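Quick caveat, the model's predicted, so the values are computed rather than measured. A note on names: the letters A, B, ... follow the listed sequences, proteins ahead of strands, and every chain is numbered from 1. Computed over heavy atoms, backbone and side chain alike; hydrogens, waters and symmetry mates excluded.
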There are 2 protein chains.
Amino acid sequence: MSQFSTIARHSGISAWKQIADQISRSISSGEFDDTGMVPPEMVLAEKFGVNRHTVRSAIASLAEEGLLKRVQGRGTLIEKRERLIFPITRRTRFSEGLGKQGAEMSTRLISYEELEATQDIADALALPPGARILRLRTVGSADGQPVSTATSHFDKARFPRMAELVGRHHSVTKAFAAQGVDDYVRVSTEVTGRTAAVEEEAYLKLSPGSVVLVALSVNADLEGRRIQYSRSVFAADKISLKLDTASV
Amino acid sequence: MSQFSTIARHSGISAWKQIADQISRSISSGEFDDTGMVPPEMVLAEKFGVNRHTVRSAIASLAEEGLLKRVQGRGTLIEKRERLIFPITRRTRFSEGLGKQGAEMSTRLISYEELEATQDIADALALPPGARILRLRTVGSADGQPVSTATSHFDKARFPRMAELVGRHHSVTKAFAAQGVDDYVRVSTEVTGRTAAVEEEAYLKLSPGSVVLVALSVNADLEGRRIQYSRSVFAADKISLKLDTASV
DNA sequence: AAAGATTTGTCCGTATGTATG
DNA sequence: ACATACATACGGACAAATCTT
């Protein structure tokens, strides 16, 4: 094991940084789970084909981040981190799902705007293109720690008070209830991943280059009418999405 | 709009690389969808607080990747890329899902090994810890392009010929069929994201630092016995996962 | 159709940062 | 700590292609 790639020499990233990244990724993918520690510096230096000083710089940066812990005479230990599990079912609600794992959930309204439905929004909500849309930007937190930020779209004609109600109740579910929708279901979810945009880094308090999961989802009321189209962005190192396909 | 963060000097990553990453992420998050092009070099240089040449280096690297296309006198155009949609349902099979989108699918066996079940494998397959396990590493391709790599675990006592059969039939489904399992369902899936490990970069032909989606899944036969526990890794810029939610 | 503004392409030179031995 | 080699970043000037007036 311990499969490392060679250092790219004119890639715009300095050698020590590349080595730090590779060690970090190897840890994420479970490479050193058996020992719980990173190979000795001298071994790494030889593996990467670099000078001894260069590996030392790499490990020093990871130790400062808190990912590694250097112990004199013993080696370099890996610090463990766990992800919250966000369940995605037909009846997913942001607050309930994580709430069951003991986290205190809240949704904060960041901003909202009114716009005309573009093609993709109109398609998702089954409205004519150009319909008036309310777009809400929210940040969801677990125990005060921001874990997701969502951009949600609603039909303004049907839910004119959405922004006000989400702002007051700190919950989309409650805002729906206050406007006559007591229950709703998730119609579809599409998930992909990328690195966070600068704005998302700010909202989710991420370090630059962090990976996020992006979930596009559509909710409908019990008569099948589309009521919400949203793009939720999760910090991938804090959250994993759990899909339950047990009882279809 | 056009929200960029400042460039960190002496961070181990050169300015042009940081700028390239930020532009790339802005494109991914749909920042320039209205115009379909990136702001002029001089504007970017001012925004990032760097020389125009530095911005040019950044754009040059993205152009070489095929993400951007520069046209003298006109500007820098964004090249569109589309993701394949991989549906995850109770009846997901790798080859069927993408096959419906017209892609030619195949599964290639990379390697296999025999090992004793660790706690997580034993839990997932409902076997006693220490049971003999076959672990297969496969790469799945669409139209010859690798899109996913999976590490799958099987009960060796029940499926002793798994490696041989997957290697011959290029399909897990057919390998199951040859061993008496005509049908099976997906019990659970857990999705998260991170940057690719070096090994995964090689198998999926990814550039360093690419984002991958990681899906942990368990399959069971129709009597509910667990038959497969696997970790599938997808290239996030080629694939999005469509989750068909259960009506729990 | 012509002129000017905008934007990318190329050349020069200089100073600083990075990695090695 | 030092010397060397090379990549990185900056500054300026002008050419070439495209768009606007």
Q: Say whether A/T192 and B/R83, considering side chains only, have a donor N or O and an acceptor N or O under 3.5 Å apart.
A: yes

**Q.** Of A/I13 and B/M42, the one whose closest DNA chain C nucleotide lies more 5'
**A.** B/M42

Q: Answer yes or no: side-chain N or O of B/H53 and base N or O of C/dG9 forming a donor-acceptor pair under 3.5 Å.
A: no

Q) Picking from D/dC10, C/dT7, C/dT20, which would you name as closest to the side chain of A/V50? A) C/dT20

Q: Could you say whether B/V71 or B/G49 is positioned toward the 5' end of DNA chain D, judged by the nucleotide with the nearest heavy atom to each?
A: B/G49

Q | Side chain of B/T54 (C-beta onward), nearest among D/dC10, D/dA17, D/dT8 | A | D/dC10

Q.
Between D/dG12 and B/R52, counting only base atoms on the nucleotide and side-chain atoms on the residue, is there a donor-acceptor pair under 3.5 Å?
A. no

**Q.** d(NZ, B/K17; P, C/dT18) in whole Å
**A.** 17 Å

(Q) Measure CD/B/E41 against C1'/D/dA16 and give the value in whole Å, please. (A) 13 Å

Q | Distance-only side-chain donor-acceptor flag, A/E190 / B/S240, under 3.5 Å | A | yes

Q: Round to a whole Å and report the spacing from CZ of A/F48 to C1' of C/dT18.
A: 18 Å

(Q) Which nucleotide wins on minimum distance to the side chain of A/N51, given the candidates D/dC10, D/dT18, C/dG21? (A) C/dG21

Q | Watson-Crick/G-U partner (both atom distances under 3.5 Å) of D/dC10 | A | C/dG13

Q) Any idea which of D/dA9, D/dT18, C/dT20 is nearest the B/W16 side chain? A) D/dA9

